[in-house]
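The structure appears right after this line, and notes come after that.
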Amino acid sequence: MKTCSIEGNAPSGPGAEEESAPAARKRLRVLLPLGEGGHSVEMLRLVALLGDRYEYHYMIVREDAWSEKKLPIPGTIHRCRRPHLKEKHQWKALFGYARLTLQSLAILLRARPHALVHAGPAMTIPVSILCRFLRIPIIFIETGSRIHTASKTGQFMYGRADLFIVQWPELQKEKFPDAVYAGLLL
Amino acid sequence: MPSTPDSSSEARAAGRILLVTVGSTDFDPLVRAADEAAPRIDLPMEIQIGIGRYEPKNARWFRMAPSLEPYYARAEVVVSHGGAGTILEVLRRGIRLVAADNPDRPDQHQKDMIGHMASLGRLVWCGDLSRLPEAIEEARALCPEPLVTAPPLIHLVVREFLGAIENGGDPRAVARAWRGRRVEKP
């Protein structure tokens with residue numbers, strides 16, 4: 001495990017000089033499923049830090065009225081339905097995921113993102129699988145509540161996301177040695 | 001100053017409160033336990049109940065607030081749900097904290113953050129709501145220092161990955177170069 005500073009290998013780092021004419025360059029479209037609660041907080045903090053050089057597409061579950069009001073940088077909002085894993089009948093959960101998969105596909109066709117970035121939870125899995133098929137690069141950030149234990153979404157995304165980031169050095173050491181640790185977003 | 005132990009009468013004089021917060025969802029068992037404990041605690045209690053059904057009888061309460069900041073400013077002790085964002089928010093302000101994990105949340109992920117912070121002596125973990133008054137008394141004896149967490153540098157890694165896509169490079173090569181690294185300095 002190497003400890004390093006970004007300076008040495010970040011030619012396109014923050015405020016890179018060649019970026020003086022952003023209008024001339026076509027902006028990269030980034031799709032961000034927000035999840036809810038802490039997952040959403042993390043994504044919105046990331047957007048605030050990334051700044052307005054990208055075109056943001058937010059995927060938000062219909063039940064979530066909070067996230068939309070807190071967007072630090074405006075973007076296109078795509079609504080979807082949240083499936084419930086804890087449904088009494090398994091077929092209901094299955095139906096929920098089938099519907100979410102179709103909605104995710106429709107969102108991908110509308111947004112045509114260059115990259116997918118998310119921090120879970122399980123509602124992000126269908127869109128991640130579709131992005132794998134469509135060869136859209138995926139960045140996954142394990143949620144900041146995970147210090148010693150991996151989330152189910154994290155376990156699923158490990159090896160499937162192109163870039164896998166954790167928020168605690170303990171988690172990198174104990175569960176995800178191939179992940180990048182780069183501070184706490186939450 | 002939250003880090004200086006003061007007697008309850010001084011706390012009252014300074015308008016200090018005990019804040020109970022359940023976040024954006026519901027956690028009725030915690031609200032009920034706090035409401036029942038309120039008459040026995042010599043600190044005025046204010047409860048944020050979220051979308052819960054139980055309405056407190058012995059304490060002031062509200063559903064949501066645009067920001068909990070004004071409440072934190074007056075809080076002698078906070079009793080919170082196990083959400084990682086709230087726990088970090090309270091500990092970073094150096095406020096005494098009792099955290100109760102919500103067993104209704106998926107895969108009981110709240111135990112990771114609560115357990116970690118409890119093992120460092122930063123909060124009191126109330127695993128049994130019938131023992132809430134004792135947990136509050138225990139927390140009042142804490143003399144917490146504001147928690148310092150690693151600054152978020154995730155956006156720098158994300159920018160470099162997206163930069164490779166922008167410039168027609170290979171983002172997966174960027175990801176491979178980052179694998180297993182720890183980024184601690186910007």
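In what follows, every chain begins at residue 1, and chains take the letters A, B, ... in the order their sequences are listed. As the structure is a prediction and not an experimental result, all values here were calculated from the model.
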Heavy-atom pairs under 4.5 Å with chain A: which of [options] has the most?
| options | result |
| --- | --- |
| B:P152, B:G115, B:G83, B:A84 | B:P152 |
| B:H116, B:E89, B:M64 | B:H116 |
| B:T149, B:L162, B:L88 | B:L162 |
| B:I114, B:T86, B:I154 | B:I154 |

Check: Heavy atoms under 4.5 Å from chain B: which residues of residues 178-186 of chain A carry them?
Finding: A:D178, A:A179, A:V180, A:Y181, A:A182, A:G183, A:L184, A:L185, A:L186
Any salt bridge between [X] and [Y], counting N to O under 4.0 Å?
| X | Y | value |
| --- | --- | --- |
| B:E166 | A:R53 | yes |
| B:E46 | B:R74 | yes |
| B:R16 | B:E76 | yes |
| A:E142 | A:K175 | no |

Next item on the list: Answer with yes or no after comparing the ring centroid distance for A:H78 and A:Y58 against a 6.0 Å cut-off, counting only values under it.
Entry: no
What part of [X] lies closer than 4.5 angstrom to a heavy atom of chain B: side chain, backbone, both or neither?
| X | value |
| --- | --- |
| A:F176 | neither |
| A:E36 | neither |
| A:I147 | both |

Checklist line | Atom CZ of B:R60: over 12 foreign heavy atoms under 6.0 Å | finding: no
Check: Are there more than 12 heavy atoms of other residues, nucleotides or ligands under 6.0 Å from atom CZ of A:R112?
Finding: no
Note to self: Under the criterion side chain to side chain contact (heavy atoms under 4.5 Å, CB included), I'd like the reasoning laid out for A:L28 against B:I165: C-alpha separation, chi angles, the key distance, then a yes or no.
What the structure shows: CA-CA 8 Å; A:L28 213 65; B:I165 304 175; 3.8 Å; yes
Next item on the list: Specify whether A:Y158 and A:F164 have parallel, tilted or perpendicular ring planes, treating 30° as the upper limit for parallel and 60° as the lower limit for perpendicular.
Entry: perpendicular
Margin query: Looking at chain B, which one of A:T143, A:V47, A:I165 has the largest number of heavy-atom pairs inside 4.5 Å, strictly under?
Written below: A:I165
Next item on the list: Using non-hydrogen atoms and a 4.5 Å limit, figure out which bit of B:P151 sits close to chain A: side chain, backbone, both or neither.
Entry: backbone
Margin query: Taking B:P144's backbone N and O only, do any of them form a donor-acceptor pair with B:R122's side chain (distance below 3.5 Å, no angle check)?
Written below: no
